[in-house]
Amino acid sequence: MLEKKYNHLEVENGKYENWVKNGYFEEKEGGKPYAIVIPPPNVTGKLHLGHAWNTTLQDIIIRFKRMQGFNAIWVPGMDHAGIATQAKVDAKLKDMGIKPRELDRAKWLRYAWDWKNEYAENIHKQWAKLGLALCYSKERFTLDEGLNRAVNHVFKTLFDEGLIYRGERIINWDPAQMTALSNEEVIYKEVKGAFYHIKYYLENSDEYLEVATTRPETLFGDTAVAVNPDDERYKDLIGKNVILPVVGKLIPIVGDEHADPEFGTGIVKITPAHDPNDFEVGNRHNLERIVCINPDGTMNENAGEFAGLDRFVAREKLVEYLKEKDLLISVEEIMHNVGHSERSGVMVEPYLSKQWFVKMRPLADRVLENQKNKDTKVNFVPTRYEKIMNHWMEITYDWCISRQLWWGHRIPAWYKGDEVYVGEVAPVGDGWVQDNDVLDTWFSSALWPFSTLGWPEETEDFKKFYPNNVLVTGYDIIPFWVNRMTFQGLHFTGKRPFKDCLIHGLIRDKQGRKMSKSLGNGVDPMDVIDTYGADALRFFLTTSSAAGTDLRYDEEKVKASWNFINKLWNASRFVLMNIEDLDTLNFDNLKMEDKWILTSLNNTIKSVTKNMEQYDFNNVGTEIYSFVWNDFCDNYIEFAKFSLENKATKSVLCYVLTCILKMLHPFMPYVTDELYSNLPMHEENIILSEYPKYNKSEVFNKEYEEFTNIIEFIKVFRNVKLENKIGKDFGIKINNEEDYSLIMKLLRINLDKHNEIKGTKYSVIYKNYNLDIYYEKEVTEEDMMLLNKQISELESSIERRKKLLNNENYVAKAPKELVEKERFTLKAEEEKLAKLKNE
RNA sequence: GGGCGCUUAACUCAGUUGGUUAGAGUGUCUGCCUUACAAGCAGGAUGUCAUAGGUUCGAGUCCUAUAGCGCCCACCA
């Protein structure tokens with residue numbers, strides 16, 4: 001027999017190992033293919049609540065689909081996470097007293113793989129604790145051999161197609177990690193800065209131009225000053241020269257649209273090697289590009305005496321210097337947006353550098369075209385997120401994919417002198433040197449939906465499971481990942497990578513703040529599991545908010561989920577205690593209450609299935625919760641207690657419980673496994689069982705309504721009794737021929753003992769049921785107030801209804817049943833009012 | 001600057017194509033140890049659905065404007 005109380009520690013112990021051992025998560029012969037690939041977590045650390053949420057959603061879908069008979073697989077895997085992992089490995093090495101950049105590459109990589117193996121193990125343990133139905137035989141890692149082949153194939157193909165090129169551009173440079181970044185990896189933050197107004201003297205003149213800049217230290221890279229050719233103030237200066245302060249050399253004044261006459265002084269210094277706009281200006285005017293900052297953010301030899309100083313120190317010193325030389329006009333403090341590295345947090349340096357790029361325009365256009373067709377597009381849930389992807393596709397520009405790191409897919413390009421070779425394997429012959437850089441992590445993640453299935457080989461898995469059925473991820477990952485999977489998938493397979501894309505939000509703390517290390521408000525899902533169990537956490541995570549919205553972590557709600565499981569546990573305990581001898585289900589001689597619960601069950605199954613299919617787990621949660629607690633426990637079980645000897649009752653108890661367990665299984669796999677295995681009749685494991693199906697022959701609408709009325713009447717009866725403080729010695733007078741036996745049973749009233757008709761009369765009316773309670777007590781003022789309140793409420797309700805029904809427009813245009821219902825209710829209210837007034 | 005979302009009970013949130021007296025959990029009040037469950041049972045109370053207009057027989061839901069909060073994108077040398 002089950003323990004009296006639900007104990008998640010005992011219930012969850014050992015189950016996962018059993019599932020895996022029995023191969024329940026592996027491919028299932030015969031079913032229609034259904035596939036999800038996990039968003040591979042970074043091997044940098046441990047999973048947080050966001051991962052728990054993300055993976056539970058997928059687990060629910062997979063378990064549901066398996067129960068529906070699909071050959072549903074969920075491909076697990078992890079991401080090497082280039083920058084993030086390299087930073088962590090470097091930090092660890094530094095702690096060990098090793099200077100990471102002084103190691104040779106191969107040796108460093110051995111440390112990195114050790115790290116990877118250690119953390120991958122952690123993540124496996126966490127997946128297990130969460131109970132995820134992952135198909136481990138298909139597990140992949142973004143840096144494994146197969147995926148590396150896919151990456152090289154893609155690189156080479158795009159290169160041959162002219163969609164990958166190498167070029168010198170201004171890119172976002174992270175001086176801390178010393179690598180290039182893509183635009184997506186730059187986060188703009190509002191910071192305090194200043195406009196430094198500097199004098200640029202005209203050649204052979206005492207006059208100067210006032211040039212304002214936020215980054216004075218870049219003046220060592222200035223190769224021109226620009227004014228707008230239409231700017232009356234300055235257009236005559238075009239073609240003349242100014243003397244670059246500090247450096248003392250002459251640079252030209254050029255006319256260029258980029259200079260906005262309305263902005264600042266209308267004069268802008270041009271630093272082609274350190275600003276994307278200036279780079280363009282430089283191209284238009286054939287200006288020299290002078291780099292004056294080193295990759296590590298210090299000034300280089302072009303900065304003269306400032307060489308070697310950090311860029312921010314150099315700025316300070318340079319401003320001092322300008323002040324001394326009377327070259328500084330003013331310093332105007334401003335707030336402005338400055339790019340920061342997503343990973344290291346340092347200010348990004350726009351930097352001239354030779355990098356590899358993906359030419360985005362043709363790839364993005366193809367996606368935009370494809371999204372116009374509902375049969376080929378990626379369907380976002382909720383739909384509004386589709387706009388985010390489309391907008392990105394519209395404005396995207398070339399993707400800088402090379403990273404100056406060691407941890408990643410090494411770029412399959414080799415150089416010999418001026419020659420460049422790109423191929424899937426190294427070229428034959430001597431003297432070829434491979435590119436030192438690796439690819440952006442997202443370059444390999446972009447191939448994940450198909451590379452994990454063995455692509456570019458035409459494998460069985462690829463043929464069966466591509467496109468994937470759904471991808472589940474947070475909205476914050478759309479630009480990095482979803483967009484890129486979509487264009488790569490389309491380009492290389494001709495198809496969308498997945499039919500649906502289910503988007504969820506971010507986890508926040510109780511106050512609505514983002515969970516972060518610096519705030520210290522993070523919650524470790526493993527701690528929650530220890531306290532409340534994975535089932536409670538999972539139910540909370542997936543049923544507490546609408547799709548696509550953020551979720552506040554609230555321990556009280558996890559507790560409420562635990563209570564629900566405990567309720568389920570005890571209901572099961574009751575059922576199991578009473579059906580031990582049941583060997584077959586027998587639905588002969590069903591009573592009204594049996595028909596009622598079967599009807600409600602089937603309505604629930606129907607609606608739950610529909611909502612499961614549209615990923616509306618929040619509604620599913622509410623529906624099952626209310627069915628279990630209100631219908632099954634509060635009502636059906638209470639009535640079933642009177643007929644526990646009936647086989648029909650036992651059968652219904654067993655059947656309804658079985659269906660409940662199955663519907664809850666995707667949400668709470670552990671406890672449902674435990675309870676299901678205690679049923680007198682069951683499959684090998686609930687994971688292998690069939691999802692409940694709506695069965696019309698179990699729907700009895702007439703009995704459903706009749707029994708609902710009984711339940712409602714009981715409620716009214718209890719309410720009248722409680723509100724009027726009616727004690728035990730009351731009398732009952734029944735006013736019609738209806739059958740009150742069930743009602744009296746449940747209320748534990750023996751009519752023979754309550755036949756004294758004296759004292760004050762209290763009417764109890766609901767639909768066809770109508771009786772009076774008589775009770776001797778002094779009628780207090782309070783009682784009169786209560787009665788009067790009821791009367792006036794009824795009166796105003798009647799008045800409202802009358803007015804509505806007198807409205808010709810309403811009667812003419814509203815649906816007929818509604819109008820009928822109004823009439824019926826009005827009549828009932830009028831009768832009730834008459835009775836109340838009698839009291 | 002462009003776009004998106006949110007504003008509903010004390011708190012956290014649902015609210016399907018408009019259907020007329022707006023729901024849940026938690027909290028709160030009253031009464032109960034009724035042998036499945038006191039982590040429970042029975043019964044209550046609590047809302048100008050942000051504001052102002054509009055469409056409609058009917059608006060939390062649709063339209064317009066406003067306010068507050070949040071997010072995304074772009075960008076200011």
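Note that this is a predicted model, so its numbers are computed, not measured. First the proteins, then the strands, lettered A, B, ... as listed; each starts at 1.
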**Report entry** Integer angstrom distance from the C1' of rG15(B) to that of rG54(B)
**Finding:** 24 Å
Query raised in the report: Taking the C1' atom of each, how far is rU61(B) from rG25(B), in whole Å?
Result: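 Their C1' atoms lie roughly 23 Å apart.
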Within the structure shown, what part of the strands sits under 4.0 Å from [X] by heavy-atom distance: base, sugar-phosphate, or nothing?
X	answer
Lys641(A)	base
Ile388(A)	nothing
His391(A)	sugar-phosphate
Pro479(A)	nothing
Ile395(A)	sugar-phosphate
Thr213(A)	sugar-phosphate
Tyr625(A)	sugar-phosphate
Glu829(A)	base
Arg801(A)	base
Ala212(A)	sugar-phosphate
Ala259(A)	base
Lys715(A)	sugar-phosphate

Nearest heavy-atom neighbours spanning [X] and [Y]:
X	Y	value
Pro216(A)	Ile198(A)	CB-CD1, 4.1 Å
Tyr200(A)	Leu244(A)	CE2-CD1, 3.7 Å
Leu219(A)	Pro245(A)	CD1-O, 3.5 Å
Lys510(A)	Asp554(A)	CE-OD1, 3.7 Å

With a 4.0 Å limit, can you tell me whether [X] has a side-chain N or O closer than that to the phosphate oxygens OP1/OP2 of [N]?
X	N	value
Trp569(A)	rG40(B)	no
Arg384(A)	rC4(B)	no
Asn566(A)	rG40(B)	no
Lys5(A)	rA38(B)	no
Asn619(A)	rA24(B)	no
Asn563(A)	rG40(B)	yes
Thr549(A)	rA14(B)	yes

Of the nucleotides [options], which one has an atom closest to the side chain of [X]?
X	options	value
Met577(A)	rC73(B), rA36(B), rC37(B)	rA36(B)
Phe574(A)	rC75(B), rA36(B), rA77(B)	rA36(B)
Asn337(A)	rC41(B), rA36(B), rA74(B)	rA74(B)
Asn807(A)	rC57(B), rC4(B), rG19(B)	rC57(B)
Arg718(A)	rA42(B), rA36(B), rA14(B)	rA42(B)
Tyr475(A)	rG19(B), rA36(B), rC71(B)	rC71(B)
Ala560(A)	rC41(B), rA77(B), rU26(B)	rU26(B)
Arg748(A)	rA77(B), rG5(B), rU34(B)	rU34(B)

Report task. Return yes if the base of rC37(B) and the side-chain atoms of Lys567(A) contain a donor-acceptor N/O pair under 3.5 Å, otherwise no. Result ->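 Flag set: donor-acceptor pair detected.
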Query raised in the report: Taking N and O atoms by type only, does the side chain of Glu638(A) place a donor or acceptor under 3.5 Å from a partner on the base of rA36(B)?
Result: yes
Query raised in the report: Once Watson-Crick and G-U wobble pairs under 3.5 Å are found, how is RNA chain B written in dot-bracket notation, 5' to 3', with | for any base paired to another strand?
Result: (((((((..((((.....[...)))).(((((.......))))).....(((((..]....))))))))))))....
Query raised in the report: For the side chain of Ser544(A) and the backbone of Leu541(A), is there at least one donor-acceptor N/O pair under 3.5 Å apart?
Result: no
Query raised in the report: Hey, is the main chain of Asn570(A) close enough, under 3.5 Å, to the side chain of Lys4(A) for a donor-acceptor pair?
Result: no
Query raised in the report: Which of parallel (below 30°), tilted (30 to 60°) and perpendicular (above 60°) describes Phe564(A) and Tyr625(A)?
Result: tilted
Report task. Taking atom CD of Glu333(A) as the centre, report whether more than 12 heavy atoms of other residues, nucleotides or ligands fall under 6.0 Å from it. Result -> no
Query raised in the report: Cut-off 3.5 Å, side chains only: do Asn283(A) and Arg289(A) have a donor facing an acceptor?
Result: yes
Query - Between OG on residue Ser572(A) and CE on residue Met577(A), distance to nearest 0.5 Å - result: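 Nearest 0.5 Å value for the OG-CE distance: 12.0 Å.
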